[in-house]
Amino acid sequence: MTAPRLNFGVVFAMMLKDFTFLAWACRLRLVIGIGAGTKLDEQAKVEGRQLDQE
């Protein structure tokens with residue numbers, strides 16, 4: 001799951017000659033993933049497809 005994002009970060013960092021962008025790419029993808037997952041979870045809850053956990 002992280003391989004495509006890591007490759008993108010390495011290429012971007014090498015183009016700019018600054019490897020701090022490697023860490024930023026990982027953080028950015030994490031934030032985007034959390035946002036997308038939260039949205040899909042809320043949509044499943046509205047549609048009644050979410051499992052009950054006790």
Side-chain angles (χ1 to χ4, degrees):
M1 204 163 103
T2 61
R5 284 125 185 111
L6 189 60
N7 290 338
F8 174 74
V10 169
V11 170
F12 192 65
M14 290 180 83
M15 283 182 356
L16 297 176
K17 307 266 194 262
D18 189 4
F19 277 87
T20 57
F21 290 106
L22 182 63
W24 280 103
C26 291
R27 291 179 186 149
L28 180 64
R29 295 305 297 179
L30 179 66
V31 169
I32 291 171
I34 289 171
T38 302
K39 180 183 175 204
L40 290 172
D41 192 37
E42 289 175 2
Q43 183 181 6
K45 187 175 183 178
V46 168
E47 294 175 0
R49 296 184 290 124
Q50 191 175 34
L51 299 174
D52 290 329
Q53 294 183 351
E54 294 180 18

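Only heavy atoms go into these numbers, but all of them, side chains included; no hydrogens, no water, no symmetry mates.
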Colleague: What distance do Arg49 atom CZ and Leu51 atom CG have between them, rounded to the nearest 0.5 Å?
Modeller: 10.5 Å
Colleague: Enter the distance from Lys45:NZ to Leu40:CG here, rounded to the nearest 0.5 Å.
Modeller: 15.0 Å
Colleague: For the atom pair CD (Gln43) and CD (Gln50), what is the distance rounded to the nearest 0.5 Å?
Modeller: 12.0 Å
